[in-house]
Amino acid sequence: MDRARNFIPGPNQELLDIKPIRSLAPMFPAPMGVNINQSSTPPLVCVTPVGQFPTGFGGGNLPAFGSFATFNATVNGFSQAGTSANGAIDATPISAYKTRSGATALGDDEPYSGNQTSASGRKAKKRSAGLSADSSDGVKAKRPKPVYKNLVAGKELAFLPASPNNPREIVEAVHMTFEALRRRHLQMDETQDASRRADLKAGAIMMASNIRANVGKRVGTAPGVEIGDIFYFRMELCIIGLHAPSMGGIDYMSAKFGADEDSVAICIVAAGGYENEDDDTDTLVYSGSGGNSRNTEERHDQKLERGNLALERSMHRKNEIRVVRGFKDPAMVAGKIYIYDGLYKIQESWTERTKFGVNCFKYRLQREPGQRDGAAIWKMTQRWIQDPSTRGRVILRDLSSGTESIPVCLVNEVDHEKGPGQFTYTNQVKYLRPVSSMTPMQGCGCQSVCLPGDANCACGQHNGGDLPYSSSGVLVCRKPIVYECGEACHCTLNCRNRVSQKGIRFHFEVFRTANRGWGLRCWEPIRAGAFICEYTGEVIDELKVNLDDSEDDYIFQTVCPGEKTLKWNFGPELIGEQSTYVSAEEFQPLPIKISAKKMGNVSRFMNHSCSPNVFWQPVQYNHGDDKHPHIMFFALNHIAPMTELTYDYGVVGEETSHRAKTCLCGSLTCRGLF
DNA sequence: GAAAAGTCATTTGA
DNA sequence: CTCAAATGACTTTT
């Protein structure tokens with residue numbers, strides 16, 4: 001379009017200069033249409049001791065485990081029977097649980113305590129003296145169950161989010177911690193050539209320390225889990241209490257209906273690969289489980305038992321069933337993404353003869369009306385990515401005018417604003433003095449690519465021994481500065497230690513928000529730790545006092561962000577590693593100041609939130625002046641397609657108070673100003 | 001060389 | 001205690 005060419009920095013006088021009202025309100029209405037009895041039983045969080053202390057758990061050398069605290073977020077959401085435990089119980093102080101004898105207290109916040117088989121850890125089974133690791137050759141020795149003896153008791157408490165009554169915050173905190181732990185394990189496994197499955201290791205630790213949400217099973221929504229939430233591992237569904245079985249597709253429980261009791265399905269995982277009619281995302285045909293023998297090709301008819309029976313009973317009881325849909329992750333060769341798609345009900349069931357000649361159960365599920373879109377958004381954005389012209393309400397196909405390798409779409413589905421005020425799109429930071437005059441950065445001598453665990457890699461050493469990114473390119477840990485390989489390095493551009501310097505990798509769109517001016521969101525799913533974009537613009541010299549900058553709403557400064565951002569690293573603490581946590585008091589801002597008023601990229605459209613999904617991270621690669629690093633943005637947790645990207649502009653302090661604005665982020669932990 | 005199929009090590013909860 | 005399961009990472013085959 002010609003218009004695109006003219007837009008920037010062309011003369012768009014008719015465009016209103018939009019004062020960025022940079023703050024945020026929830027972009028979707030809260031998920032409604034889900035009739036849970038929340039009013040009668042307010043959410044409660046109960047801090048209770050973990051169940052049975054695992055016998056193999058370090059014995060006497062870890063007395064601290066006695067005060068192990070459970071961290072349960074339980075909201076009593078389903079009241080079909082009167083079996084529910086109820087009455088809000090105040091959070092019990094941790095100190096009340098000094099010994100492990102109080103284990104039975106767990107039942108108090110379990111909605112279905114009667115049906116629970118105590119949450120006791122069957123974990124760590126007894127393990128033969130530990131030397132079974134390399135047993136005699138030839139004989140296939142069973143791998144000993146790992147014992148997480150480095151678990152640090154009491155550290156779990158650091159998780160408690162600022163507002164422990166908000167299930168969403170708890171789910172996010174648990175989820176974020178799982179990911180941090182998983183990434184760290186991945187990093188360690190690579191250097192030590194240990195066995196894989198960091199997802200299982202992270203999951204096992206979370207389970208063992210009982211850092212999980214929605215511990216009791218329930219029919220209906222899982223508090224704190226929202227439609228559209230995305231996951232990369234089945235273990236994630238497990239620890240946030242959405243779907244308990246680690247592999248199985250059907251989660252079910254025994255529930256009371258008046259006087260009788262029935263086994264009903266509560267959640268299913270539809271792992272894709274099935275005949276989904278594209279036009280109708282509201283129905284789903286699900287196959288029953290079973291029929292495939294473990295290691296032989298022999299197959300048999302499915303039986304009406306367990307999950308299949310529960311589905312059958314659910315059809316008659318007409319209870320709501322959570323549905324998680326699996327899709328192939330377009331970003332990974334063999335990856336899968338799970339999307340929570342809300343509540344469904346079973347309409348009918350039948351049996352079918354499969355191509356193997358055995359009988360298989362089929363269930364047709366219909367999505368409950370009135371819920372926000374989940375998987376439908378995913379399908380829609382996938383279509384846009386394949387063919388951007390299918391995206392409607394577009395003002396500009398590419399706001400970057402070709403500067404970015406992937407076009408940045410400008411859309412307005414809200415009002416008649418034609419676009420943001422004039423600025424020059426740039427994907428580079430403009431320094432006042434040439435980069436070449438700055439201290440050069442030392443490079444590594446690695447051939448081809450840098451590898452984890454290579455003691456000779458100067459870049460690995462510079463980063464503290466580990467490469468900062470995992471093999472899939474996600475940042476493992478937030479740190480004062482990340483050193484990527486640069487011009488001085490011998491490695492190629494394929495080196496995994498070159499992530500943020502390669503520029504954006506996603507289809508972004510700048511969109512009109514309802515009340516906060518323009519905002520930024522993305523068509524692709526973004527996984528936690530993934531690189532998003534750089535804050536580009538003009539570097540303002542710290543020595544030059546700019547009296548004018550109160551007028552500049554596009555200034556980036558390294559102001560101390562809120563707890564959520566600071567806690568991103570949390571997780572390694574759980575396995576006894578030294579904390580990388582930086583408290584607000586210890587936080588040291590950098591002198592760098594960047595203005596994106598006149599020139600910038602997509603990052604200038606990112607709004608503030610006190611409960612953000614993105615954080616900034618200083619990165620170096622082209623010079624050695626650590627006071628003036630690149631400011632790179634990474635995902636705080638997994639971000640579903642079309643979710644607004646926000647970061648924490650920082651706590652208002654003396655220096656920034658003249659620019660403080662009222663925050664509209666709507667988060668329960670909103671600080672009011674930013 | 002990419003995609004599909006096979007192999008293996010694991011978990012949770014019934 | 002045993003078992004099943006719409007797992008996930010990796011290797012081998014087509």
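Each chain gets a letter, A, B and so on, in the order the sequences are listed, and its residues count up from 1.
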In terms of the nearest nucleotide of DNA chain C, which residue is placed more toward the 5' end: A/G249 or A/A334? A/G249
Rounded to whole angstrom units, what separation is found between the NE2 atom of A/H300 and the C1' atom of C/dC3? 12 Å
Nearest-angstrom distance from the residue atom CD1 of A/I268 to P of C/dT7: 14 Å
Looking at A/Y232, is A/R527 sitting on its ring face, NZ or CZ under 6.0 Å from the six-membered ring centre and within 45 degrees of the normal? yes
Measure from the ring center of A/W523 to the ring center of A/F506 and say whether it is less than 6.0 Å. no
A/C238 or A/V333, whichever maps to the more 5' nucleotide of DNA chain B: A/V333
Do A/K201 and A/D189 sit within salt-bridge range, that is, some charged N less than 4.0 Å from a carboxylate O? yes
Measure CG/A/N308 against P/C/dA4 and give the value in whole Å, please. 14 Å
Can you tell me the distance, in whole Å, between the CZ atom of A/R306 and the C1' atom of B/dT12? 13 Å
Within this structure, what is the CG-to-P distance between A/L200 and B/dT12, rounded to whole angstrom? 8 Å
Nucleotide nearest A/R196 when distance is taken to its side chain, options C/dA6, C/dG8, C/dC10: C/dC10
By the 4.0 Å heavy-atom rule, please label A/D251 as base, sugar-phosphate, or nothing. nothing
Out of C/dG8, C/dA5, B/dG13, whichever nucleotide has its closest atom nearest the side chain of A/S246: C/dA5
Looking at the side chain of A/S289, which of C/dT7, B/dT12, C/dA6 is the nearest nucleotide? C/dA6
Nearest-angstrom distance from the residue atom OH of A/Y363 to C1' of C/dA6: 14 Å
A/M235 side chain, from C-beta outward: closest of B/dT12, C/dA6, B/dA14: B/dT12
So what does A/R197 touch, heavy atoms closer than 4.0 Å: a base, only the sugar-phosphate, or nothing? base
Identify the nucleotide, in any strand shown, that forms a Watson-Crick or G-U wobble pair with C/dT12, with both distances under 3.5 Å; if there is none, say none. B/dA4
Counting side-chain heavy atoms from CB outward, which of B/dA14, C/dT7, C/dA9 is closest to A/Y338? C/dT7
In whole Å, I'd like the distance from the CD atom of A/E236 to the C1' atom of C/dT7. 13 Å
Can you tell me if A/Y252 is stacked onto the base of B/dG13, using a 5.5 Å centroid cut-off and an angle below 30°? no
Picking from C/dG8, B/dT11, C/dA6, which would you name as closest to the side chain of A/M247? B/dT11
Under 6.0 Å between ring centres: does that hold for A/H175 and A/F231? yes
Closest approach to the side chain of A/A244, judged atom by atom: which nucleotide of C/dA6, B/dG13, C/dA9 is it? B/dG13
Ignoring backbone atoms, establish whether A/K328 has a side-chain N or O less than 4.0 Å from OP1 or OP2 of B/dA4. no
So what does A/G335 touch, heavy atoms closer than 4.0 Å: a base, only the sugar-phosphate, or nothing? nothing
Report yes if the distance between the aromatic ring centroids of A/Y286 and A/Y363 is under 6.0 Å, otherwise no. no
Determine whether A/R168 and A/D229 satisfy the following criterion, salt bridge (charged side-chain N to carboxylate O under 4.0 Å, His left out), listing intermediate values before the conclusion. CA-CA 11 Å; A/R168 179 60 175 172; A/D229 281 356; 2.7 Å; yes
Nearest whole Å is fine: how far is B/dA9 C1' from A/K201 NZ? 11 Å
